[in-house]
Amino acid sequence: MSENGTCNRILTLESMNPCIQKVEYAVRGPIVIRAVELEKELQQGVKKPFTEVIKANIGDAHAMGQKPITFLRQVSAICLYPELMNDNKFPEDVKQKAARILQACGGHSIGAYSASQGIEVIRQDVAKYIERRDGGIQSDPNNIYLSTGASDSIVTMLKLLVSGQGKSRTGVLIPIPQYPLYSAALAELNAVQVNYYLDEENCWALDINELRRSLTEARKHCDPKVLCIINPGNPTGQVQSRKCIEDVIRFAAEENLFLMADEVYQDNVYAKGCTFHSFKKVLFEMGPKYSETVELASFHSTSKGYMGECGFRGGYMEVINMDPAVKQQLTKLVSVRLCPPVPGQALLDVIVNPPKPGEPSYKQFMAEKQAVLGNLAEKARLTEEILNQSPGIRCNPVQGAMYSFPRIHIPEKAIKLAQAEGQAPDMFFCMKLLEETGICVVPGSGFGQREGTHHFRMTILPPTDKLKSLLERLKDFHQKFTEEYS
């Protein structure tokens with residue numbers, strides 16, 4: 001207590017970890033906080049120029065109305081409540097899958113802790129999945145780490161990689177625009193964020209010359225050791241060509257960089273002529289010169305793809321060419337958190353080990369999966385088509401993932417007003433859009449963009465009718481906004 005009876009707090013903004021104050025996460029930032037407030041105001045009967053808030057800010061498929069895949073939920077349901085094994089509504093292959101998972105759990109219950117690296121049977125299934133995906137290239141279950149979504153393992157890997165002080169501090173190359181997990185994690189770890197810009201004029205392609213420029217500049221003030229790739233891209237939706245991936249691998253080898261490949265949208269490829277190539281597959285097909293030397297960590301998740309099971313928080317990381325002594329440190333680090341959520345591990349197992357042809361659940365599973373992906377492909381096409389009808393909006397093709405990242409013209413008057421209010425111009429635009437239409441999108445400044453350009457990220461996940469309405473309203477609002485501030 002102080003003399004006047006007030007409490008002297010130990011934890012204050014001045015005394016807290018300064019790195020945490022630098023953390024920003026635009027996807028759940030001020031715009032989303034205001035969207036939640038508007039929802040409550042609508043519930044309380046406050047009159048607005050709209051009847052609902054449409055949250056197009058985050059890739060949460062089920063929140064946007066996507067139905068769960070039956071097979072995934074059936075197996076999860078039995079794992080959570082094994083008495084359902086006696087229910088004849090559940091197909092036999094569902095029961096067998098659930099029984100196998102439960103057999104591998106402590107006390108045959110997914111309420112028990114698992115090994116810190118994840119349940120062994122599930123890691124084996126992940127390895128087999130990777131082998132099928134990559135055309136038979138071997139995957140070792142001991143190189144698989146199950147995780148709380150992909151995010152947790154990405155941050156864990158960055159923790160291992162970041163070290164040094166001053167000019168020896170670790171630099172991490174990340175794409176701009178980027179998914180804000182990366183900038184937030186680097187801020188928390190007090191690492192040096194090294195930006196390389198994707199080429200908006202070329203469908204957000206990755207340019208090796210830009211990578212080289214970025215690396216050369218960074219070496220003047222830090223020690224760049226890590227190159228992060230997001231493929232398919234978030235927020236930009238591009239799908240990297242095989243040649244691009246080969247070029248990146250050669251670059252990483254020449255410059256002695258650790259590769260981190262964020263591949264959580266690998267099932268989400270829509271554009272004709274585009275194919276997902278895993279970094280691991282390409283690495284091994286390039287031969288021993290690269291496959292035996294380049295250090296790689298790749299990541300996948302239950303949250304995206306056709307599954308959209310964000311709330312289960314399931315995912316995995318595969319590490320390649322990691323120093324065995326460092327691998328021991330990685331295992332120690334993940335053990336501090338005991339284990340990833342076991343229901344998420346169980347769900348991941350069902351995703352990597354789905355029904356096979358001839359099994360009772362196969363036809364329904366494939367029909368549901370193809371319907372989701374076909375629907376997303378149509379919405380990706382619609383988004384590009386409708387947004388590009390507006391003179392002041394330019395949207396690249398959404399080749400993959402779940403988002404568009406259109407460029408918008410903002411009049412000079414609006415830019416000056418935004419600056420006077422201490423806001424980024426695209427934040428000013430997005431906040432006005434939210435207040436007048438109820439549409440919640442994320443300003444491009446939260447993902448990074450070239451100086452003088454303005455964007456927003458929106459998900460393509462709303463149901464088709466709602467998405468069409470949203471896009472038309474957004475287009476009309478931009479026209480009105482341009483006229484008002486010109």
Side-chain angles (χ1 to χ4, degrees), residues 71 97 118 120-147 150 153 205-206 227 229-233 238-253 258-302 304-307 314-322 348-359 362 365-366 369-370 372-374 376-377 399-401:
F71 185 75
K97 197 81 70 179
E120 186 174 3
V121 161
I122 299 176
R123 288 190 289 112
Q124 289 169 355
D125 286 347
V126 169
K128 287 173 191 166
Y129 159 80
I130 293 169
E131 288 176 358
R132 289 195 306 275
R133 182 197 69 187
D134 292 344
I137 293 166
Q138 188 178 4
S139 177
D140 183 350
N142 292 319
N143 289 337
I144 308 290
Y145 289 78
L146 306 189
S147 62
S153 50
L206 188 156
L227 172 55
I229 308 287
I230 307 173
N231 179 49
Q238 85 286 5
V239 178
Q240 289 185 1
S241 69
R242 184 190 171 93
K243 182 186 180 302
C244 176
I245 294 170
E246 288 176 356
D247 289 345
V248 169
I249 290 169
R250 285 191 196 96
F251 179 80
F258 189 105
L259 268 177
M260 291 178 60
D262 180 340
E263 298 176 332
V264 302
Y265 295 99
Q266 59 190 256
D267 289 308
N268 301 103
V269 176
Y270 317 121
K272 286 181 180 174
C274 288
T275 305
F276 170 75
H277 303 279
S278 80
F279 264 77
K280 183 192 175 186
K281 181 176 191 283
V282 176
L283 175 66
F284 275 78
E285 289 178 348
M286 288 173 71
K289 179 181 175 184
Y290 299 100
S291 65
E292 293 178 3
T293 58
V294 173
E295 295 164 75
L296 168 70
S298 55
F299 309 89
H300 196 18
S301 168
T302 64
K304 309 303 177 186
Y306 61 92
M307 308 82 69
Y316 73 78
M317 165 175 69
E318 182 181 28
V319 295
I320 303 297
N321 292 324
M322 179 174 274
L348 176 66
D349 189 67
V350 190
I351 291 164
V352 299
N353 189 16
K356 297 176 179 65
E359 293 181 347
Y362 178 75
F365 171 80
M366 289 305 295
K369 175 181 175 179
Q370 288 163 3
V372 169
L373 293 174
L376 286 170
Q399 296 175 335

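None of the values given here were measured: they were computed from a predicted structure.
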| Quick check: does any side chain N or O of Arg123 sit under 3.5 Å from a backbone N or O of Gly118, one acting as donor and the other as acceptor? | yes
| Would you say the side chain of Glu246 lies within less than 4.5 Å of the side chain of Val282, judging by non-hydrogen atoms? | yes
| remark: When Phe71, Tyr129, Tyr306 are each screened for side-chain contact (heavy atoms from CB on, under 4.5 Å) with Ile351, the one that passes is Tyr306
| Looking only at atom types and distance, does a side-chain atom of Asn321 sit under 3.5 Å from a main-chain N or O of Val294, one as donor and one as acceptor? | yes
| task | Work out which heavy atom in Cys274 is nearest to a heavy atom in Val269; give both atom names and the distance. | result | O-CG1, 3.5 Å
| remark: Nearest heavy-atom approach of Thr302 to Gly315 is CG2-N, 4.4 Å
| Salt bridge present between Lys280 and Glu263 (N-O < 4.0 angstrom) | no
| message | Using 0.5 Å steps for rounding, measure from the CD1 atom of Ile137 to the CG atom of Leu283. | response | 8.5 Å
| request: First locate atom CD of Glu318, then atom CD1 of Ile130, and finally report the distance between them rounded to the nearest 0.5 Å. | output: 4.0 Å
| request: Using atom types as modelled and distance alone, determine if a side-chain donor or acceptor of Arg132 lies under 3.5 Å from a backbone N or O of Val352. | output: yes
| said: Using only atom types and a distance under 3.5 Å, with no angle test, would you say the side chain of Tyr270 pairs donor to acceptor with the backbone of Ala401? | reply: yes
| message | Under a 3.5 Å distance rule, please check whether Asp262 uses its side chain to pair with a backbone N or O of Phe299 as donor and acceptor. | response | no
| Should we say atom CD of Glu131 is surrounded by more than 12 heavy atoms from elsewhere, each under 6.0 Å from it? | yes
| said: I'd like to check the side-chain contact (heavy atoms from CB on, under 4.5 Å) partners of Lys356; sequence neighbours left out, ordered by chain and number. | reply: Asn353, Glu359
| Leu348 and Tyr316: side chain to side chain contact (heavy atoms under 4.5 Å, CB included), yes or no, with the steps? | CA-CA 9 Å; Leu348 176 66; Tyr316 73 78; 4.1 Å; yes
| Passes side chain to side chain contact (heavy atoms under 4.5 Å, CB included), His300 versus Gln266? Steps please. | CA-CA 8 Å; His300 196 18; Gln266 59 190 256; 3.5 Å; yes
| said: As a quick check of understanding, evaluate side chain to side chain contact (heavy atoms under 4.5 Å, CB included) for Ile245 and Asn231, giving each step before the final call. | reply: CA-CA 10 Å; Ile245 294 170; Asn231 179 49; 4.1 Å; yes
